[in-house]
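So the structure is just underneath, and the comments pick up after that.
Sequence lines set the chain letters: A, B, ... in the order given, protein chains first and strands last, and positions in each chain run from 1.
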Amino acid sequence: MPPKTRARVSKRTASSGKDDDGEAAGGKRKAAAAPAESAKNKESSECPQFCHWLMKSEPESRFENDIDVKFGIEDLKALPDQTGCWDGVRNYQARNFMRQMKDGQLAFFYHSNCKEPGIAGLMTIVKEAYVDHTQFDKNDVHFDANSKADNPKWSMVDVQYQRMMKRFLPLSELKKYHLQHRATGGPLKDAALFTRARLSVQPLTPEEFDFVLSLEDEEPL
DNA sequence: GCCAACGTTGGC
DNA sequence: GCCAACGTTGGC
């Protein structure tokens, strides 16, 4: 049971307005990175369909309502079948990206809010979006009092550990490439990791994915 | 632990 | 529907 993006657990009154799919988030944000993006982009139809992802989780202990939200790649690896559900996402954009995920797609496991943030490894999507049960669990950090059983707001996917990166790819290094690519037009120039830093589930274009993957065979920058 | 960036809420 | 206040994310 992967925690990850912490959620607002407390009160929150009527968030509803946008619990469905239209969602707030989408409204003013620009569409995802690369491929065409219609002028407005309504996320339910985030047309460019992505096939690679980056998902953030915290590998170091941190307590939220007395519950440790720690869940690093080693924790995923330690689960039965090295598989777990990516629950606790409480951001509409992130949720909508999860809903676009397809069986068999690859996602980077990113370590956030820790000593050394960066990409730790790779996992596979092994079950497409379904209801995140933690939204109904009063004892869960991610409980959402506004979500109704007959119209659940939040989804999750199942992920399976695939492998560690041949070497850890620190955010600091990725950022250097990002800055460099912004000047040269390289593959990471629009990477969501920097242009939408707070998004806990992000898409990668094929070019972004290939470039990041190639870094594990390079010397640290 | 600080705090900038930014998503969300809710008054108007 | 705007936007100020508030709360969270997550790097540093």
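Remark: Y161(A) engages no residue in a ring-ring contact (aromatic ring centres under 6.0 Å, His included) (not counting sequence neighbours).
If you measure from atom CD of E116(A) to atom P of dG11(C), you get 11 Å, rounded to the nearest angstrom. We find that CG of L199(A) is positioned 17 Å from P of dA5(B), with the value rounded to whole Å. When rounded to the nearest whole Å, the span between CD of E58(A) and C1' of dG11(C) equals 12 Å. Separating the CZ atom of R198(A) from the C1' atom of dC6(C) is a distance of 12 Å, rounded to the nearest angstrom. In this structure, N91(A) atom CG and dG7(C) atom C1' are separated by 13 Å, rounded to whole Å. Here dT9(B) presents its C1' atom at 18 Å from CZ of R90(A), a figure rounded to the nearest Å. Residue L193(A) contributes atom CG, which lies 13 Å from atom P of dC6(B) at whole-angstrom precision. Between the NZ atom of K56(A) and the C1' atom of dC6(B) there is a distance of 12 Å, rounded to whole Å.
Here Y110(A) lies in heavy-atom contact (under 4.0 Å) with sugar-phosphate atoms only. Within 4.0 Å of K175(A), counting heavy atoms only, lie sugar-phosphate atoms of the nucleic acid but no base atom.
Comment: K153(A) engages D144(A) in a salt bridge, judged by a side-chain N to carboxylate O separation of less than 4.0 angstrom.
Using modelled atom types and a 3.5 Å distance limit, the side chains of R95(A) and S155(A) yield no donor-acceptor pair.
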Throw together a table of side-chain donor-acceptor distances under 3.5 angstrom for residues 75-84 of chain A, partners on residues two or more places apart or in other chains.
residue	atom	partner	partner atom	Å
D75(A)	OD1	K70(A)	NZ	3.1
D75(A)	OD2	K70(A)	NZ	2.9
D75(A)	OD2	G72(A)	N	2.7
T83(A)	OG1	D81(A)	O	2.7

